[in-house]
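The structure appears below as structure tokens.
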Amino acid sequence: MADRIQPRTLKGFRDFLPEAELQREAVFETARTVFRSYGFVPIDTPALEYTEILMGKGSDETDKQLYRFTDNGGRDVAMRFDLTVPLARYAAQHIGELGTPFKRYHIGSVWRGENTQRGRYREFMQCDFDTIGTESVVSDIETALVIHDLLTALGIERFTVRINNRRLLNGLLEARGLTDQATGVLRSLDKLDKVGPDAVRSDLVATVGIPESDANALVDLAALSGGSDILDQVDVGDSELGARGIDELRQFMAGVEAAGVEPGRIVLDMGIARGLDYYTGTVYETVLDDLPDIGSVCSGGRYDDLASLYTNQRLPGVGASLGVDRLLAALEELSPESSARTSAPVLMTLFDDSRRSEHLAVVAGLRRAGVGVELYPEARKLGAQLKYGDRRGHTLAVIIGDTEWDDETAQIKVLATGDSHVVDQDELADACRRLLGDA
RNA sequence: GUGGCCGUAGCUCAGUCUGGUUAGAGCGCCGGGUUGUGAUCCCGGAGGCCGCGGGUUCAAAUCCCGUCGGCCACCCCA
């Protein structure tokens with residue numbers, strides 16, 4: 001007897017049981033609906049790219065996290081670690097056919113060879129949406145509005161979209177003559193929420209090596225968050241870049257307000273920096289108020305020169321990415337009650353194999369009438385079938401036995417309450433629809 | 001990638017420190033409580049290479065090493 005192969009999955013890679021996958025697909029559906037309501041169109045790109053396309057586009061970290069290998073034809077290839085870099089390549093390659101501005105969404109898996117943690121995997125799904133080919137602040141505003149609509153549509157009440165602007169940050173550093181230390185400073189400031197102002201202050205002085213006065217000023221500044229009024233406290237000196245950043249944020253917040261977003265949902269936060277080097281303007285980060293530790297569930301920003309790596313044509317863009325798996329991990333934690341494990345609301349019971357064909361006919365009729373129904377495949381005892389229906393989350397059970405066949409009726413049982421309704425068979429579909437509507 | 005904690009039935013865990021009879025519980029699952037009505041109750045049952053491999057020992061779920069996987073911190077990020 002040969003040894004069996006142990007069924008197992010790679011670290012950071014997961015299987016999805018129906019209950020989880022139904023939830024994931026529901027999120028994708030919601031995302032698609034919201035994206036399309038803003039005129040975004042779907043695209044797809046290969047999972048595998050030439051390594052040179054992906055290398056050096058994020059940070060040093062993303063290079064290290066690349067799943068990279070030589071394919072059977074000797075090509076140096078890598079799996080995409082996000083959907084933005086492939087978009088840049090895609091746009092450079094096809095922009096002539098696409099025209100600008102081009103708004104696309106892209107739902108797909110990405111791979112990062114990093115260590116796993118809760119809500120953090122090596123293979124995970126992103127729902128990206130980007131607008132490229134325009135520098136208009138309208139697109140920056142819409143990006144925030146999409147994030148807002150998306151989370152709202154997903155039934156999330158308590159979240160905050162935090163906004164900052166790279167130009168403002170860089171201008172700020174420029175005014176203080178700290179441009180060379182920008183990366184270190186921003187990285188350090190990014191940790192403000194986590195380690196607190198004192199730790200960041202000493203880190204800035206000791207590790208990054210900037211003067212204490214600057215460190216103090218920057219930490220105070222990074223702690224600012226709120227409406228556009230906080231911009232009055234931001235001093236960018238005579239930096240043109242910084243002034244432009246402030247101006248952009250003012251226009252941004254005015255637009256968000258005009259769109260009628262509830263105050264407090266989208267706020268400025270001077271502590272948001274974002275790690276990816278390619279952001280140049282507005283940056284976005286979204287935290288769930290009830291679960292801030294899990295990190296951002298939707299982030300992004302404006303990048304004004306990403307596609308320049310592949311083409312002479314200037315392709316500015318702005319967009320963000322919804323982390324479906326992280327979001328679902330969060331939702332799971334916030335409301336762990338189990339959801340339905342079926343995709344059809346109605347269960348048709350069967351307890352007489354000799355009437356199989358008649359059942360199949362009734363069930364087919366229900367489906368033609370638009371009622372999703374699952375026919376129990378075996379003539380097991382009725383109690384077991386009802387139990388199955390209840391456990392799976394079916395809303396209704398339809399029972400047709402000898403009695404019902406004789407007078408051409410059907411019994412509809414509402415599983416949650418146990419209520420039974422007897423209706424004529426030719427009214428079954430209408431009755432089901434009515435009961436499902438009530439439920 | 002570095003460091004820490006963990007890995008026992010489908011699920012949540014007890015037992016591990018102080019090695020020693022047939023490894024337990026709850027939930028779930030299956031069957032029964034008479035032949036067409038579940039989610040409550042009663043009775044019964046199935047199900048465990050104690051993650052995997054090696055070592056120490058008369059004897060290992062229990063001690064040691066390795067490995068795979070999970071969680072956490074750093075780092076970074078969805």
Side-chain angles (χ1 to χ4, degrees), chain A residues 3-14 17 19 27 31 58-65 81-84 107-128 147 183 186-188 190-191 194-195 199 203 272-277 284-288 293-301 320-330 336 338 341 347 349-352 355 376 379-394 396-406 411-420 422:
Chain A
D3 283 346
R4 290 242 164 67
I5 297 165
Q6 189 191 359
R8 55 184 185 153
T9 49
L10 284 164
K11 180 185 178 75
F13 290 71
R14 300 157 298 153
L17 297 182
E19 193 173 350
V27 171
S59 58
D60 296 346
E61 288 302 320
T62 50
D63 286 356
K64 281 187 224 155
Q65 293 172 0
F81 67 91
D82 73 2
L83 299 177
T84 306
I107 299 175
S109 294
V110 302
W111 296 269
R112 294 183 192 176
E114 64 179 332
N115 245 339
T116 55
Q117 248 174 65
R118 180 179 51 135
R120 182 172 183 170
Y121 311 99
R122 289 184 170 174
E123 177 183 60
F124 60 96
M125 283 277 200
Q126 289 194 323
C127 296
D128 268 41
I147 297 175
T183 309
L186 294 183
R187 183 167 298 166
S188 189
D190 219 29
K191 285 183 249 175
K194 216 170 213 173
V195 298
D203 183 58
I272 302 297
R274 308 289 306 141
L276 265 55
D277 293 337
Y284 308 80
E285 216 166 271
T286 311
V287 292
L288 304 181
D293 291 344
I294 204 160
S296 173
V297 296
C298 190
S299 331
S321 175
L322 177 74
V324 183
D325 296 291
R326 180 173 285 185
L327 182 66
L328 286 172
S338 66
R341 286 183 293 160
L347 178 74
T349 60
L350 173 69
F351 49 89
D352 183 355
R355 302 200 107 128
Y376 198 86
R380 267 176 66 186
K381 67 184 249 187
L382 189 58
Q385 296 188 47
L386 291 174
K387 186 170 170 179
Y388 169 89
D390 186 52
R391 289 283 149 82
R392 285 295 160 102
H394 290 279
L396 304 176
V398 174
I399 300 165
I400 306 179
D402 289 338
T403 323
E404 286 81 4
W405 287 121
D406 287 346
Q411 184 191 153
I412 306 173
K413 193 176 178 82
V414 181
L415 286 167
T417 60
D419 296 342
S420 279
V422 176

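Heavy atoms only: backbone and side chains are in, while hydrogens, waters and symmetry mates are out. Chain identifiers are assigned alphabetically (A, B, ...) following the order of the sequence lines, protein sequences preceding nucleic acid strands; residue numbering begins at 1 within each chain.
Partners of Ala397(A) under the side-chain contact (heavy atoms from CB on, under 4.5 Å) rule, at least two apart in sequence or in another chain, are Leu386(A), Lys413(A), Leu415(A). Applying the side-chain contact (heavy atoms from CB on, under 4.5 Å) criterion to Thr403(A), with sequence neighbours excluded, gives no partner residue. Taking the side-chain contact (heavy atoms from CB on, under 4.5 Å) definition, one finds that Ala199(A) meets it with Val195(A), sequence neighbours left out. Partners of Lys11(A) by side-chain contact (heavy atoms from CB on, under 4.5 Å), not counting sequence neighbours, listed by chain and number: Asn115(A), Thr116(A), Arg122(A).
Distances from the side chain of Gln117(A) to the nucleotides A73(B), C76(B), A78(B) place A73(B) closest.
Taking a pair to require two hydrogen-bonding distances under 3.5 Å in either a Watson-Crick or a G-U wobble arrangement, A73(B) pairs with U2(B). Nucleotide G26(B): paired with C11(B) (Watson-Crick or G-U wobble, both distances less than 3.5 Å). Base pairing of G66(B): its partner is C52(B), meeting the Watson-Crick or G-U wobble criterion (both donor-acceptor distances under 3.5 Å). With a cut-off of 3.5 Å on both pairing distances, U57(B) has no Watson-Crick or G-U wobble partner at all.
For the atom pair Leu350(A) CG and Gln385(A) CD, the distance stands at 6.0 Å (nearest 0.5 Å). Expressed to the nearest 0.5 Å, how far CG of Asp406(A) lies from CD1 of Ile400(A) amounts to 12.0 Å. The structure places CD of Gln126(A) at 7.0 Å from OG1 of Thr84(A), a figure rounded to the nearest 0.5 Å.
Looking at heavy-atom distances under 4.0 Å, Cys298(A) makes contact with sugar-phosphate atoms alone, never a base. Using a 4.0 Å heavy-atom distance criterion, Gly12(A) is classed as a sugar-phosphate-only contact. Across all strands, Arg14(A) comes closer than 4.0 Å to no nucleic acid atom at all (heavy-atom distances).
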Close N or O pairs between protein and nucleotides 1-10 of chain B (under 3.5 Å):
| from | atom 1 | to | atom 2 | distance (Å) |
| --- | --- | --- | --- | --- |
| U2(B) | O4 | Asn115(A) | ND2 | 2.7 |

Please list each protein N or O that sits under 3.5 Å from an N or O in nucleotides 36-41 of chain B, with the distance.
| from | atom 1 | to | atom 2 | distance (Å) |
| --- | --- | --- | --- | --- |
| G36(B) | O6 | Asp402(A) | N | 3.2 |
| G36(B) | O6 | Thr403(A) | N | 2.6 |
| G36(B) | O6 | Thr403(A) | OG1 | 2.1 |
| G36(B) | O6 | Glu404(A) | OE1 | 3.3 |
| G36(B) | N1 | Glu404(A) | OE1 | 2.7 |
| G36(B) | N1 | Glu404(A) | OE2 | 3.4 |
| G36(B) | N2 | Glu404(A) | OE2 | 3.0 |
| U37(B) | O2 | Lys413(A) | NZ | 2.9 |
| U37(B) | N3 | Gln411(A) | OE1 | 2.9 |
| U37(B) | N3 | Gln411(A) | NE2 | 3.3 |
| U37(B) | O4 | Gln411(A) | OE1 | 3.4 |
| U37(B) | O4 | Gln411(A) | NE2 | 2.2 |
| G38(B) | O4' | Gly383(A) | O | 3.4 |
| G38(B) | O6 | Gly418(A) | N | 3.2 |
| G38(B) | N1 | Leu415(A) | O | 2.3 |
| G38(B) | N2 | Asp390(A) | OD1 | 2.3 |
| G38(B) | N2 | Asp390(A) | OD2 | 3.3 |
| G38(B) | N2 | Leu415(A) | O | 2.7 |

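To the nearest angstrom, C1' of C52(B) lies 9 Å from CZ of Arg8(A). Across the protein-nucleic acid pair, Asp203(A) atom CG and C75(B) atom P stand 9 Å apart, rounded to whole Å. Here the C1' atom of nucleotide C77(B) and the CG atom of Asp325(A) are 13 Å apart, to the nearest Å.
The separation of G24(B) from G32(B), taken at their P atoms, amounts to 27 Å, rounded to a whole angstrom.
Of the N and O atoms on the side chains of Ser420(A) and Gln411(A), at least one donor lies less than 3.5 Å from an acceptor on the other residue.
Screening Arg120(A), Arg112(A), Arg14(A) against Asp325(A) for a salt bridge (Lys or Arg N to Asp or Glu O under 4.0 Å) leaves a single residue, Arg14(A).
The phosphate of C77(B) (OP1 or OP2) has no side-chain N or O of Ser299(A) nearer than 4.0 angstrom. Remark: Arg112(A) is not in phosphate contact with C77(B), judged by side-chain N or O atoms under 4.0 Å from OP1 or OP2. Residue Lys11(A) has no polar side-chain atom (N or O) positioned under 4.0 Å from OP1 or OP2 of C68(B). Residue Arg326(A) places no side-chain N or O under 4.0 Å from the OP1 or OP2 atom of C76(B).
For A78(B), its base never sits under 3.5 Å from the side chain of Arg120(A) at any donor and acceptor pair.
Under the 3.5 Å distance criterion, the side-chain polar atoms of Arg326(A) are matched with a main-chain donor or acceptor of Ser296(A).
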